[in-house]
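Okay, structure first, notes after.
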Amino acid sequence: MRTWILLALAISQGAWALAPCERESQVGSWCEVNIDQLHPTQGGVGQIQVDNTQAELAGKSAKQLDKLMKKKEIPIVIAPDGGYWLVDRHHLTKALWQSGVKQVRVKVIARLQDKENFWSQMQCNHWAWLKDEKGGALTPQQLPAHIGELPDYPYRTVAGLLQDAGYFDKREQVYFVEFAWASWLGQQMDWLPVDSANLADRLYQAKRLACSSKAADLPGYPGKQCRVNQSRSGN
């Protein structure tokens, strides 16, 4: 418990502390917001990844945390009603929340004024993912209200690790690419259970699938590692 308290203090007292976010905060500006005020724009997270990130954060010094939080941009959209919508870094934000951190540094990437077309604008800009882990439709009302309520999507962990290993690319910084891969991987792998004990085996299978022609229609295909593998096999 003491580790998480020290982490929270290190982040909250970091040199990157800014003025509080406001309804009128300008697009492109940085501000500080309470995690409890951030609304998720996706239905779940890969909980194994969240827990791994939490453990990594606990091992960092205050200086390392300050550097990380400057690099790991947490983007938000301000809604017509003044609400703050988190459009990326859900895993990092949940890991910080689990660690006892209350305030985070965020960047305002948009302020939307059209209440009636808010969700259509969010989706058109790839700022929301209104699907569950298996690709079923979600309504905005079905999204978890708080970062801590995001359920585990095990195949999102597989997809995240697959991306980290270079098997697909997040092209043009489009958010939620990993969810398209997670749904596809689950379908290809018959939604076999994923946990810490079998994660290595599931990831091995995912790597083989990611470089196959079956994945050709997915965003970010083929990843750098697939091209490296192809080059090696051609030698």
Side-chain angles (χ1 to χ4, degrees), residues 21-23 25-50 53-54 69 72-98 101-160 163 168 170-184 186 218-220:
C21 295
E22 298 178 348
R23 186 171 186 162
S25 294
Q26 295 299 305
V27 174
S29 67
W30 296 83
C31 54
E32 191 172 89
V33 66
N34 193 302
I35 290 178
D36 290 340
Q37 293 179 276
L38 293 174
H39 302 293
T41 54
Q42 64 192 45
V45 289
Q47 189 60 42
I48 294 175
Q49 276 197 292
V50 171
T53 299
Q54 181 182 1
M69 296 307 296
K72 296 286 189 179
E73 177 181 305
I74 299 177
I76 67 165
V77 169
I78 301 179
D81 63 0
Y84 306 121
W85 290 86
L86 179 68
V87 299
D88 198 18
R89 305 291 187 196
H90 289 73
H91 289 73
L92 173 61
T93 304
K94 187 174 183 183
L96 290 168
W97 178 77
Q98 288 182 177
V101 176
K102 297 186 182 299
Q103 301 283 331
V104 289
R105 181 182 194 261
V106 299
K107 183 176 183 179
V108 180
I109 64 168
R111 288 172 56 204
L112 301 181
Q113 306 297 325
D114 188 346
K115 184 176 181 180
E116 291 186 3
N117 295 307
F118 175 73
W119 283 106
S120 62
Q121 289 179 304
M122 291 289 284
Q123 290 185 280
C124 284
N125 285 289
H126 303 284
W127 292 335
W129 186 258
L130 298 181
K131 295 182 181 179
D132 62 20
E133 185 182 24
K134 295 187 176 183
L138 292 175
T139 66
Q141 293 73 28
Q142 289 175 307
L143 291 172
H146 186 275
I147 197 75
E149 298 174 3
L150 287 165
D152 182 22
Y153 285 2
Y155 276 87
R156 175 58 181 77
T157 287
V158 177
Q163 180 190 7
F168 66 89
K170 197 167 186 176
R171 294 177 180 172
E172 300 177 359
Q173 294 300 306
V174 174
Y175 304 121
F176 307 109
V177 168
E178 303 91 341
F179 282 89
W181 278 85
S183 297
W184 182 80
L218 289 167

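Note that the coordinates shown come from a computational prediction; the quantities given were computed from them, not determined experimentally.
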Does [X] reach the side chain of [Y], with side-chain heavy atoms less than 4.5 Å apart?
X: H146; Y: W97; value: yes
X: M122; Y: V87; value: yes
X: V177; Y: F168; value: yes
X: K131; Y: L138; value: no
X: V104; Y: R89; value: no
X: Q26; Y: R111; value: yes
X: L130; Y: P140; value: yes
X: K134; Y: Y155; value: no

- Could you name each residue pair satisfying side-chain hydrogen bond (donor to acceptor under 3.5 Å, both in side chains) that touches residues 114-127, not counting sequence neighbours?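 Qualifying pairs: D114-N117.
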Could you pull out the closest heavy-atom pair between [X] and [Y], with the gap in Å?
X: P144; Y: P40; result: O-CD, 3.3 Å
X: H91; Y: G46; result: NE2-N, 2.9 Å
X: A137; Y: Q142; result: O-OE1, 4.1 Å
X: L218; Y: A180; result: CD2-O, 4.0 Å
X: L143; Y: G43; result: CD2-N, 3.9 Å
X: H39; Y: A145; result: ND1-O, 3.7 Å

Main-chain N/O of [Y] paired to [X] side chain as donor or acceptor, under 3.5 Å:
X: S25; Y: E22; value: yes
X: H90; Y: V45; value: no
X: Y153; Y: F179; value: no

Could you grab the distance from atom [atom1] of [X] to atom [atom2] of [Y], nearest 0.5 Å is fine?
X: L86; Y: I147; atom1: CG; atom2: CD1; answer: 5.5 Å
X: R156; Y: S183; atom1: CZ; atom2: OG; answer: 11.0 Å
X: R105; Y: L96; atom1: CZ; atom2: CG; answer: 13.0 Å
X: E73; Y: D88; atom1: CD; atom2: CG; answer: 8.5 Å
X: C21; Y: I78; atom1: SG; atom2: CD1; answer: 6.5 Å
X: L92; Y: I74; atom1: CG; atom2: CD1; answer: 5.0 Å

- Query: Mind checking whether W129 and F176 have parallel, tilted or perpendicular rings, split at 30° and 60°?
  - Reply: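 Ring orientation, 0 to 90° scale: parallel.
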- Using the six-membered ring wherever Trp is involved, compare the ring planes of W85 and F118 and label them parallel, tilted or perpendicular (cut-offs 30° and 60°).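 Tilted: the ring planes of W85 and F118 meet at 30° to 60°.
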- Looking just at side-chain N and O atoms, do Q47 and K94 make a donor-acceptor pair shorter than 3.5 Å?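 Short answer, yes.
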